[in-house]
2 protein chains.
Amino acid sequence: MSIRNPKQALYEQFAAVAKALGNPQRLELIEHLAQGPRSVDALAGKLGLPIANVSQHLQAMRRAGLVTSERDGKFINYSLVDESVLAAFAAVRTVAERHSAEVERVVRVWFHRRDDMEPVSREELASRMNDGLVTVIDVRPADEFALGHLPGAINVPLSELESRLPSFESGREIVAYCRGPWCVMSFEAVAELRKRGFSARRLEDGLPEWKASGLAVKCNA
Amino acid sequence: MSIRNPKQALYEQFAAVAKALGNPQRLELIEHLAQGPRSVDALAGKLGLPIANVSQHLQAMRRAGLVTSERDGKFINYSLVDESVLAAFAAVRTVAERHSAEVERVVRVWFHRRDDMEPVSREELASRMNDGLVTVIDVRPADEFALGHLPGAINVPLSELESRLPSFESGREIVAYCRGPWCVMSFEAVAELRKRGFSARRLEDGLPEWKASGLAVKCNA
DNA sequence: ATGACATTCAATAATTATATTGAATGAATT
DNA sequence: AATTCATTCAATATAATTATTGAATGTCAT
């Protein structure tokens with residue numbers, strides 16, 4: 001590394017952070033890490049990528065100051081360094097959402113009509129849960145649910161949704177949530193539920209954002 | 001480009017935005033564009049880079065949806081697409097500031113003691129300006145000053161600071177600002193002023209943040 | 001100690017990013 | 001129409017990123 005002036009040195013540091021965010025796999029890793037600490041192995045399983053590859057990505061993120069790691073027996077658990085990483089991800093997403101026609105197109109093509117998917121705000125959901133007016137389903141896999149979920153939510157992994165449909169009260173509104181604002185699982189759940197005649201909506205964003213806004217989270221540990 | 005699932009497609013879009021932020025030159029361009037629209041030529045002059053190089057960076061940013069361009073005669077003026085780009089830059093900076101020991105080191109080495117450089121908040125400056133208690137100097141070059149500055153600020157480009165020192169009232173506090181939170185010019189101005197016995201501080205952040213927070217801006221155009 | 005397992009390291013190949021150069025384009029001026 | 005000037009394009013060389021493979025490291029259980 002050559003001698004630089006301070007301005008360049010700072011810009012390089014900032015660019016290093018942005019660069020660490022500048023890869024689709026790493027963003028997906030961040031979304032998973034936003035749920036809580038995870039081992040390399042668990043992350044590799046979730047993303048369907050080779051372990052060595054995930055390890056390299058995690059190390060790159062550690063170098064940039066996005067994640068930290070801690071050994072726990074045979075496992076090494078990575079976690080996000082703090083909420084500022086999620087805030088940066090969100091800010092990047094905002095730029096993309098506002099300006100990239102491609103994002104709009106993808107959302108529209110895969111999720112049909114955007115207004116059909118108008119989400120429930122956290123505040124609205126919190127108050128309707130208090131009044132007992134709504135069934136909240138967490139469509140993430142069981143292992144992620146166990147590590148933290150909305151109090152009162154029931155875990156209905158997407159793969160089990162169809163088989164568990166008969167157990168839902170038909171008049172009652174259902175709100176689904178998953179990992180985050182662009183996690184496809186809650187979109188798919190809502191689409192499926194509506195096809196079967198249920199009144200269903202998504203929660204805005206996902207569990208990490210719920211947690212970040214100071215609302216209660218329950219955990220099975 | 002291969003066929004992807006929607007999740008991958010979205011992550012790729014988000015990553016493209018982060019990637020466009022992931023280069024020190026481009027970040028510096030963003031800081032300049034935060035002051036207002038600029039031509040390729042003007043930007044190249046400010047950064048001291050070849051015009052073709054700057055043109056390529058700007059095109060990369062345009063592809064990612066960070067900037068737009070508009071022809072004005074011989075010139076093509078680029079501008080930031082909106083404040084969300086600055087918000088993303090700020091979020092990235094926050095991650096870097098919190099977690100990168102290197103940033104801290106650079107700041108400390110070049111700016112001596114960090115607490116010496118405690119900035120004035122926008123609110124505080126606004127009220128003290130109202131009371132007429134403070135001299136506000138804009139240490140950016142004259143061309144940037146002309147395109148917008150704090151009302152009541154006087155333009156003292158860093159290069160002219162020394163020769164204009166005698167014109168400053170010695171009892172009065174001086175607040176310096178420049179392009180943004182990490183723009184070195186205001187740090188240097190404050191250091192110089194203090195060396196000469198003046199009471200001087202920096203404004204937190206710079207002009208774009210002042211503007212973004214809804215405070216008035218004056219312009220010579 | 002030995003084997004099992006999670007992770008990292010090292011080496012490689014393929015892809016992508018970046019800087020540089022000079023030519024091409026397109027708008028204004030003469 | 002010829003010139004000037006800002007910008008872009010095209011071609012190239014260099015460097016950085018990414019995925020992949022298999023070996024190495026470190027921890028736990030037996």
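Atoms considered below: every heavy atom in the structure, side chains included; atoms not considered: hydrogens, waters and symmetry mates. First the proteins, then the strands, lettered A, B, ... as listed; each starts at 1.
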Between [atom2] on [N] and [atom1] on [X], what's the gap in Å once rounded to a whole number?
| X | N | atom1 | atom2 | answer |
| --- | --- | --- | --- | --- |
| B/L27 | C/dA17 | CG | C1' | 15 Å |
| B/I51 | D/dC5 | CD1 | P | 12 Å |
| B/L49 | C/dT18 | CG | P | 13 Å |
| B/L21 | C/dA17 | CG | P | 14 Å |
| A/F75 | D/dG26 | CZ | C1' | 14 Å |
| A/I76 | C/dT8 | CD1 | P | 4 Å |
| A/K19 | C/dT18 | NZ | P | 6 Å |
| A/Q59 | D/dT17 | CD | P | 14 Å |

Report the nucleotide, chosen from [options], that has the shortest atom-to-atom distance to any side-chain atom of [X].
| X | options | value |
| --- | --- | --- |
| A/V40 | C/dT18, C/dT7, D/dA6 | C/dT7 |
| A/P50 | D/dT20, D/dT8, C/dA19 | D/dT20 |
| A/K74 | D/dT27, C/dT7, D/dT8 | D/dT27 |
| A/S55 | C/dT7, D/dA19, D/dT8 | C/dT7 |
| B/R71 | D/dA6, D/dT20, C/dA27 | C/dA27 |
| A/Q56 | C/dA10, D/dT8, C/dT8 | C/dA10 |

Quiz question: by atom type and distance under 3.5 Å, do the side chains of [X] and [Y] form a donor-acceptor pair?
| X | Y | result |
| --- | --- | --- |
| B/Q13 | A/R93 | no |
| B/T68 | B/R62 | no |
| B/E31 | A/Y11 | yes |
| B/D82 | B/S84 | yes |
| A/Q59 | A/S55 | yes |

First encountered from the 5' end of DNA chain C, between A/Y78 and B/Q25 | A/Y78

DNA chain C: A/D41 or B/A52, which has the more 5' nearest nucleotide?
-> A/D41

Are OP1 or OP2 of C/dT18 and a side-chain N or O of B/N23 less than 4.0 angstrom apart?
-> yes

For D/dT17, take OP1 and OP2 only and decide whether either is under 4.0 Å from a side-chain N or O of A/H57.
-> no

